[in-house]
Amino acid sequence: MALNHTYDARLLQQETTVGAGVQVLLLAVLGTATGMSPAGWLTGLAFALATWAVLTRAVLRSRLTSFGPANRVTLGRATLVGGVTALVADSFETAPPVTLFVGLTAIALILDGVDGKVARRTGTSSVLGARFDMEVDAFLILVLSVYVSMSMGPWVLLIGAMRYLFVAAARFQPWLNAPLPHSMARKTVAAYQGIALLAAASGWLPYQVSALLVSSALGWLVWSFGRDVGWLWGERAERLREGREETAARPLPGAVSEAGAGPASVSVPGMVPASPTSFSIPVPVPAGVTPLSQAAPADRGMPTALAGRA
């Protein structure tokens with residue numbers, strides 16, 4: 001048993017190490033193609049190191065027998081997000097090539113719909129995969145918010161920060177950690193955030209149109225978070241009326257995690273939910289997202305980090 005556990009652990013570590021290596025290779029390609037500044041390099045390398053460290057610890061603690069194809073897709077998306085993060089950091093000194101920036105971001109957003117399908121078809125759904133997927137989505141939205149805020153103003157940062165603010169609030173108000181029911185509206189709001197931010201970041205649209213897209217994305221996100229918080233508050237009040245402990249969240253009839261399988265899990269308004277775990281993707285720091293996938297056969301990936309419990 002000890003030998004098998006050691007062997008499995010080494011395989012899992014190899015997967016995450018390969019991912020870190022691919023991330024460094026991508027940074028080298030981007031650096032050569034764009035003449036990336038030291039800020040871009042340092043940010044990209046920090047992202048790669050943080051992702052490797054946190055993901056390695058998470059997979060070892062998860063006791064997975066294998067990393068799985070769906071997690072590999074998500075790791076590939078994380079690599080692309082690392083490249084986008086490096087370009088955004090570099091943009092404080094020089095503007096990144098628009099086509100390259102848009103291309104990397106678009107692929108990362110599109111692949112968000114792939115890992116979930118892979119997880120369901122291969123029967124490799126897991127709590128870890130769901131959380132991994134959600135965190136990658138959330139961080140991508142945050143990075144895009146930072147980039148767009150440089151041209152539209154700091155208010156755009158609310159899109160990327162809202163999900164993290166909700167998580168912080170839940171540490172002081174445990175009732176916010178109760179599971180949320182499945183919601184297609186939430187997923188739609190989440191997807192719209194990524195699309196709106198990418199459209200604005202491309203610079204291909206008139207400023208007024210981009211501002212309208214981004215402001216509407218923020219408006220829908222606030223609505224989504226507000227609806228979720230209101231629902232959670234109602235559930236809390238009902239539990240209190242029934243004399244239950246505030247920390248015991250009542251399971252919803254037939255509720256499943258946003259990812260699709262198993263009982264409903266902790267969900268952050270604005271993003272697709274996933275079960276609570278100690279796992280958290282490295283983020284140097286959108287948006288309303290609920291626990292970034294493999295956690296259930298129903299919906300492993302919500303359109304990108306996009307958040308929206310609507």
Side-chain angles (χ1 to χ4, degrees), residues 58 61-62 126-135 137-139 141-142 157-190 193 218-281 283 285-296 298-300 302 305-310:
R61 293 183 62 183
S62 70
S126 69
V127 171
L128 171 64
R131 188 62 182 268
F132 186 20
D133 184 36
M134 187 276 291
E135 296 291 352
D137 288 350
F139 191 65
I141 291 300
L142 177 64
L157 294 174
L158 289 172
I159 295 178
M162 197 171 295
R163 181 253 168 176
Y164 296 102
L165 293 174
F166 180 90
V167 171
R171 293 180 66 87
F172 301 97
Q173 298 294 329
W175 57 272
L176 290 173
N177 286 318
L180 289 165
H182 175 277
S183 170
M184 183 55 67
R186 178 188 308 126
K187 296 168 70 67
T188 301
V189 170
Q193 292 175 67
L218 177 58
W220 282 113
L221 184 59
V222 170
W223 169 79
S224 177
F225 266 100
R227 196 184 76 155
D228 277 350
V229 171
W231 188 91
L232 291 170
W233 177 265
E235 283 295 291
R236 172 181 179 274
E238 184 176 342
R239 289 196 302 273
L240 291 177
R241 282 196 300 271
E242 295 176 2
R244 301 184 209 173
E245 292 293 333
E246 182 171 340
T247 55
R250 186 184 67 176
L252 301 170
V256 296
S257 68
E258 200 72 35
S265 54
V266 171
S267 210
V268 176
M271 271 196 109
V272 176
S275 301
T277 76
S278 60
F279 174 65
S280 175
I281 282 295
V283 294
V285 195
V289 180
T290 337
L292 226 195
S293 119
Q294 286 162 226
D299 299 308
R300 182 204 174 184
M302 93 176 193
L306 329 181
R309 168 235 200 255

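Only this structure's heavy atoms are used, side chains among them; waters, hydrogens and symmetry mates stay out.
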- Query: Does the side chain to side chain contact (heavy atoms under 4.5 Å, CB included) test come out yes or no for Met162 and Leu218, once each step is laid out?
  - Reply: CA-CA 10 Å; Met162 197 171 295; Leu218 177 58; 3.9 Å; yes

- CZ/Arg171 to CG/Asn177 distance, rounded to the nearest 0.5 angstrom? 9.5 Å

- Scanning both residues in full, the closest heavy-atom pair of Leu232 with Pro179 reads CD2-O, 4.2 Å

- Item | Atom of Leu180, atom of Trp231 and distance for their closest heavy-atom approach | CD2-CE3, 3.7 Å

- Query: Parallel, tilted or perpendicular: which describes the rings of Phe166 and Phe225, with under 30° parallel and over 60° perpendicular?
  - Reply: tilted

- Note on the structure: In this structure, CG of Leu157 is separated from CG of Leu142 (nearest 0.5 Å) by 8.0 Å

- CG on Leu158 to CG on Leu165, rounded to 0.5 Å: 8.0 Å

- Write down the atom of Trp223, the atom of Val189, and the distance for their closest heavy-atom approach. CZ3-CG2, 4.3 Å

- Query: Considering all heavy atoms of both residues, which atom of Phe172 and which atom of Ala168 are nearest to each other, and what is their separation?
  - Reply: CD1-O, 3.3 Å

- Can you tell me how far CD1 of Ile141 sits from CD1 of Ile159, rounded to the nearest 0.5 angstrom? 8.0 Å

- Query: Should Trp220 and Thr188 be marked as a side chain to side chain contact (heavy atoms under 4.5 Å, CB included) after you check the CA-CA gap, both sets of side-chain angles, and the distance that decides it?
  - Reply: CA-CA 10 Å; Trp220 282 113; Thr188 301; over 6 Å; no

